[in-house]
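Taking it in order: structure first as structure tokens, then the write-up.
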Amino acid sequence: MERYNARDIETKWQNLWKEGGFYRSSPDPARRKFYCLEMFPYPSGNLHMGHVRNYAIGDVVARFHRMNGYNVLHPMGFDAFGLPAENAAIKRGVHPAEWTMRNISLMKADLEMLGISYDWDREVATCLPDYYKWTQWLFLLMYKRGLAYKKKAAVNWCPECNTVLADEQAETGKCWRCGTPVTRKDLDQWFFRITDYADRLLDDLRLLTGWPERVKTMQENWIGRSEGLLIEFPVDGLDERIVVFTTRADTIFGVTFVVLAPEHPLLEKVTAGTGRETAVRDFVSRIARSPAADRASEGASREGLFTGRYAVNPLSGERVPVWVADYVLMEYGTGAVMGVPAHDDRDLDFARKNGLPVRVVIQDESGNPTDEGLADAYVGPGTMVNSGMFDGLESEEGKRRVAAYVEEKGIGRRHVTYRLRDWLISRQRYWGAPIPMVYCDKCGVVPVPEEHLPVTLPKDVDFVGAEMSPLVSCPEFVNTTCPCCGEPARRETDTMDTFMCSSWYYFRYTSPRETRLPFDPEAARYWLPVDQYIGGIEHAVMHLLYSRFFTKVLYDAGLVDFVEPFTNLLTQGMVLKDGAAMSKSRGNIVEPRELIERYGADTARLFILFAAPPEKELEWSDRGVEGSSRFLNRVWRLVLGIAGDTAVDRQRAQMKPVRSAADVGAGGAALRRLTHATIKKVTHDIRGRFNFNTALSALMEMVNGIYRYMQECPRGSRDQVALAEAADSLVLMLAPFAPHIAEELWHRLDHAESVHLQPWPVHDEEVAKSQRITVVVQVNGRVRDRLEVDPDSSAEELQRAALESRRVGRFLEGRRIKKVVTVPGKLVSIVTE
RNA sequence: GCGGGUGUGGCGGAAAUGGCAGACGCGCAGGACUUAGGAUCCUGUGGGCGACCGCCCUUGUGGGUUCAAAUCCCACCGCCCGCACCA
């Protein structure tokens with residue numbers, strides 16, 4: 001028999017699919033659409049296993065839906081702006097554009113080699129002018145809507161990448177890309193007012209029923225909505241008020257000090273005239289120099305200094321000292337906190353270090369804690385004590401009453417604050433979309449008019465690393481004329497965060513050659529939102545939050561009619577080897593290209609889909625790969641054997657249900673049952689739950705079953721109808737997983753059309769149903785016998801059969817039956833005394 | 001610390017709603033075919049006992065609910081991930 005040669009088959013079909021434009025898609029209002037999207041890659045030059053897994057999963061989803069009659073959009077492109085290209089330019093002298101475009105073609109070749117069903121006509125690369133023109137257009141949209149603004153702020157700076165980072169990109173005090181601890185820098189930067197959308201980004205998480213709970217929780221925590229109270233503390237001896245934010249208004253009588261952040265604008269004024277000016281200034285500059293990561297960690301020292309000034313507790317009238325300390329962050333709340341050491345861990349730590357008093361104002365039912373017996377801060381709920389007119393109130397009620405009181409007196413108000421900060425989008429790098437703004441001495445900051453877009457990146461620049469965008473030293477780029485007055489002006493030299501490019505690419509795919517707008521609203525209305533988005537969990541906050549924000553802005557601008565871009569989200573697990581993520585330094589990398597060259601794309605895809613469910617981590621196994629290869633070989637030989645079995649006239653069953661007993665020969669009924677039960681199981685596993693591993697195991701069982709049938713029935717007595725149906729069904733169901741071998745075998749089974757254009761097989765419930773099923777009989781919870789019965793046996797019949805069983809009888813001897821539970825189709829459970 | 005996840009044979013992993021634990025695959029053992037096989041095909045494979053007839057134990061640990069628990073409840077332990085001075 002002809003051997004299975006994966007590589008030959010794969011290149012053959014890939015070429016034919018390409019020529020036939022097989023996976024091209026266009027809107028068709030008459031058909032249900034399905035937008036299947038995988039996160040597009042950064043073109044680093046080579047595909048890694050994580051990509052393969054991502055795209056293999058996506059391809060099953062896309063192909064499955066196509067076979068189920070959906071009009072499927074399945075595009076691919078490249079997130080092509082970014083630092084590695086620029087670093088390559090500095091290191092090796094290659095131009096970032098050249099480096100990137102070469103990598104794109106390399107990766108595209110890898111993707112094609114995998115046989116993923118992309119509509120390549122819709123390919124986008126974010127670094128091309130006809131794409132980034134629209135990224136710039138969207139920046140202008142943000143600007144017009146008052147959502148883009150420039151401000152000087154202390155921002156995260158990565159000394160390795162030589163650029164600033166958004167908060168989301170410096171999550172643990174380290175650069176998301178290179179892991180270098182970030183430092184603080186005061187810079188004039190462009191921001192997007194994502195905080196204006198904080199509530200909607202939070203509330204609309206409820207709409208995302210197709211998202212993993214985990215991702216929603218991460219976003220919820222990141223947005224960090226917190227309800228509380230702003231309260232003014234007048235400064236003793238000055239006409240100034242320190243405004244603090246607190247979520248624990250019920251503890252206000254426990255305030256024994258007030259703390260300002262080192263960057264607090266009032267600090268200098270407060271300190272002035274106290275004789276402590278120098279000490280405070282020295283302290284502040286020392287803190288400013290320390291790494292941001294140190295300051296932002298809980299284990300840090302909590303250093304502070306008395307400012308020499310006092311503030312007045314607006315409720316108790318008590319004078320409390322004003323301190324400055326590193327543990328208070330200017331970025332959160334008001335940059336000032338009221339110190340309640342008895343009921344806050346950090347305040348207690350700080351108070352103990354600095355000899356400040358501690359006063360308990362909340363106690364539980366048993367009157368704890370007390371000032372004397374306080375070991376740890378008591379942060380739980382309780383009753384207010386030592387709190388004047390509020391004594392005796394339960395803490396939640398106390399919060400409300402204090403808030404009402406403060407608002408009535410005009411010394412504060414209820415306030416909601418967020419952890420989320422505005423999105424810093426400036427980058428001091430070359431390889432990004434230029435921010436389309438111009439600085440004119442006369443007109444100030446002026447946006448580039450839409451009709452002048454794109455602001456093109458100049459090709460000739462000096463990349464030698466500096467702390468400023470290489471564009472600064474490119475006079476042809478910088479020098480321009482003011483769009484308002486026509487006088488000489490300077491261009492903005494920072495480029496945009498690449499996350500901006502990736503926040504809207506799924507819109508562009510719907511009409512990638514649109515020239516009047518970033519996307520054709522008509523096409524977007526048909527295709528969007530994305531029905532299934534698939535990618536890594538690492539983007540849970542960054543990319544996915546930004547994309548949601550963009551979508552909401554586009555909605556507000558009337559460009560789209562939905563508020564969430566991704567209806568269903570699947571976060572695939574990592575690919576591990578020897579228990580750890582594949583990495584160069586660890587030396588545990590498996591190269592997809594080598595794998596494909598050795599076993600073929602179908603084997604590679606099959607193994608990845610079989611080894612673990614998509615959401616879980618996948619432990620790589622070279623042996624497992626061999627197993628998948630063996631399975632495909634088994635399928636190959638089986639189907640070819642059936643196709644070549646000309647002993648009897650072959651009839652195509654075409655999934656028609658059995659009409660009469662005459663349709664089915666010896667053993668044919670059992671084979672048909674296997675076929676239809678497998679169709680049922682595989683369909684269910686793919687559709688609802690993406691359990692590709694169990695779907696594949698069902699196909700393996702089916703193959704085993706067909707082999708058994710062949711072995712049990714000699715050549716002449718086989719049921720050709722049932723066999724043809726089995727082979728057809730098997731190949732059809734294999735098509736989404738291993739598209740090349742399925743296509744080849746489909747043609748070998750004498751079908752003229754592509755397997756990928758066939759409808760997904762439908763099972764017949766009657767045929768799938770077993771004639772006999774096993775019902776277990778338990779005595780006192782232990783299985784004592786198994787009954788082979790008709791699936792429709794009634795409870796009474798089952799019970800009678802169970803009690804008649806000799807095996808069961810042995811365990812019933814001398815005992816009285818107390819109870820019998822019968823579940824038809826499942827079991828009979830007998831309980832004795 | 002807070003939030004989320006996870007724990008099942010030698011390994012990857014199965015067990016829709018509580019109802020035969022260990023599907024499928026890998027590995028291993030034995031056999032068949034072979035000059036040979038690391039190809040292919042059969043058989044066996046959680047642990048223990050035992051006249052292949054079976055019995056007992058077993059889903060991180062300890063309790064509980066139930067005729068029945070990997071699955072539900074309570075407490076604990078391990079590992080993984082995210083956030084982490086957020087007032």
Side-chain angles (χ1 to χ4, degrees), chain A residues 3 171-173 212-218 220-222 224-226 228 244-248 251 259 261 295-302 325-329 331-340 343-347 349-350 379 417-420 537-538 540-541 573-574 579 606-607 610-613 615-628 630-631 633-634 637 681 684-685 688-689 691 693-701 703-704 707 711 774-783 785-786 807 810 818-823 825-832:
Chain A
R3 282 194 51 191
E171 273 176 321
T172 48
E213 218 45 54
R214 185 152 80 115
V215 176
K216 287 190 276 185
T217 308
M218 281 165 78
E220 199 180 313
N221 292 342
W222 185 257
R225 183 187 152 99
S226 177
V244 302
F245 174 74
T246 181
T247 54
R248 290 300 303 272
T251 65
V259 198
R295 207 172 138 200
S297 71
E298 204 168 351
S301 54
R302 291 196 186 115
D326 60 352
Y327 80 94
V328 176
L329 306 176
E331 299 84 19
Y332 188 78
T334 60
V337 305
M338 57 183 215
V340 188
H343 305 292
D344 183 283
D345 293 322
R346 297 151 302 174
D347 293 348
D349 181 44
F350 189 72
V379 296
T417 192
Y418 301 89
R419 215 176 84 110
L420 178 74
I537 186 84
E538 65 272 17
V541 173
M574 284 210 298
L606 204 70
F607 169 71
F610 177 66
E615 303 234 11
K616 276 186 94 166
E617 291 180 339
L618 184 152
E619 176 66 33
W620 193 264
S621 155
D622 293 333
R623 301 272 199 188
V625 174
E626 306 232 4
S628 294
R630 200 172 304 156
F631 171 68
N633 273 289
R634 243 167 101 71
R637 291 191 305 268
K681 163 107 180 121
H684 175 258
D685 283 356
R689 31 185 238 161
N691 278 4
N693 55 332
T694 51
L696 284 167
S697 78
L699 289 179
M700 290 174 181
E701 286 181 80
V703 168
N704 294 344
Y707 267 112
Q711 204 183 314
T774 308
V775 165
V776 289
V777 184
Q778 294 181 346
V779 179
N780 293 329
R782 294 179 192 283
V783 179
D785 198 6
R786 296 177 164 83
R807 287 168 198 245
R810 281 174 37 203
K818 203 165 78 176
K819 185 176 176 185
V820 179
V821 180
T822 307
V823 183
K826 291 267 192 233
L827 56 48
V828 180
S829 179
I830 302 165
V831 190
T832 68

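Excluded from the calculations below are hydrogen atoms, water molecules and symmetry mates; all remaining heavy atoms, backbone and side chain alike, are included. First the proteins, then the strands, lettered A, B, ... as listed; each starts at 1. Because the structure is a prediction, the values reported are computed rather than measured.
Here the nucleotide nearest the side chain of Arg214(A), chosen from C81(B), G25(B), G3(B), is C81(B). Of the candidates A87(B), C24(B), G19(B), G19(B) carries the atom nearest the Val821(A) side chain, counting heavy atoms from C-beta on. With distances taken from any side-chain atom of Val831(A) to the nucleotides C67(B), C80(B), G82(B), the minimum falls on C67(B). Of the candidate nucleotides C24(B), C67(B), G4(B), C67(B) has the atom lying nearest to any side-chain atom of Ser829(A). Comparing A87(B), U40(B), A15(B) by their closest approach to the side chain of Arg630(A) singles out U40(B). Distance from the side chain of Phe610(A) is smallest for G12(B) among the nucleotides G12(B), C85(B), C41(B).
Counting to the nearest Å, the P atom of A14(B) and the CE atom of Met700(A) are 13 Å from each other. If you measure from atom CZ of Arg786(A) to atom C1' of A21(B), you get 12 Å, rounded to the nearest angstrom. C83(B) atom C1' lies 14 Å from atom OH of Tyr332(A), rounded to whole Å. Distance Arg225(A) CZ to C2(B) P: 23 Å, rounded to the nearest Å. Here the P atom of nucleotide G5(B) and the CD atom of Glu213(A) are 8 Å apart, to the nearest Å. Between Asp622(A) atom CG and G12(B) atom P the separation is 15 Å, expressed in whole Å. Tyr707(A) places its OH atom 17 Å from the C1' atom of C24(B), with the value rounded to the nearest Å. Atom C1' of nucleotide G13(B) and atom CD of Glu619(A) are separated by 12 Å, given to the nearest angstrom.
Distances shorter than 4.0 Å separate some side-chain N or O of Arg623(A) from OP1 or OP2 on G27(B). Contact check, Asn693(A) against A14(B): a side-chain N or O comes under 4.0 Å of OP1 or OP2. Between A21(B) and Arg782(A), no contact under 4.0 Å exists linking OP1 or OP2 to a side-chain N or O. Between Asn704(A) and the phosphate of G25(B), there is a side-chain N or O to OP1/OP2 separation shorter than 4.0 Å. Side-chain N/O atoms of Arg637(A) include none lying less than 4.0 angstrom from OP1 or OP2 on A39(B). Of the side-chain N and O atoms in Ser226(A), one or more sit less than 4.0 angstrom from OP1 or OP2 of A87(B). Between Arg419(A) and A87(B) there is no side-chain polar atom (N or O) within less than 4.0 angstrom of OP1 or OP2.
Counting only heavy atoms from C-beta outward, the side chains of Asp326(A) and Val328(A) never approach each other to under 4.5 Å.
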Checklist entry - Given Val775(A) and Lys826(A), is the side-chain contact (heavy atoms from CB on, under 4.5 Å) satisfied, shown in steps? => result CA-CA 5 Å; Val775(A) 165; Lys826(A) 291 267 192 233; over 6 Å; no
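A gap of 16 Å separates the C1' atoms of G22(B) and G7(B), to the nearest Å. Atom name P, nucleotides U71(B) and U65(B): the rounded distance is 15 Å, in whole Å. For A23(B) and C73(B), the P atoms lie 28 Å apart once the distance is rounded to whole Å. If you take atom C1' in G30(B) and the same atom in U35(B), they sit 23 Å apart, rounded to whole Å. Between G78(B) and U66(B), the distance separating the two P atoms is 32 Å to the nearest Å. Between the C1' atoms of U34(B) and C42(B), the separation comes to 15 Å (whole Å). Comparing C74(B) with C24(B), their P atoms sit 36 Å apart, to the nearest whole Å. The same atom, C1', is picked in A70(B) and in C55(B); the two are 24 Å apart, to the nearest Å.
A distance-only check finds a donor-acceptor pair linking the side chain of Tyr707(A) to the backbone of Arg634(A) [under 3.5 Å].
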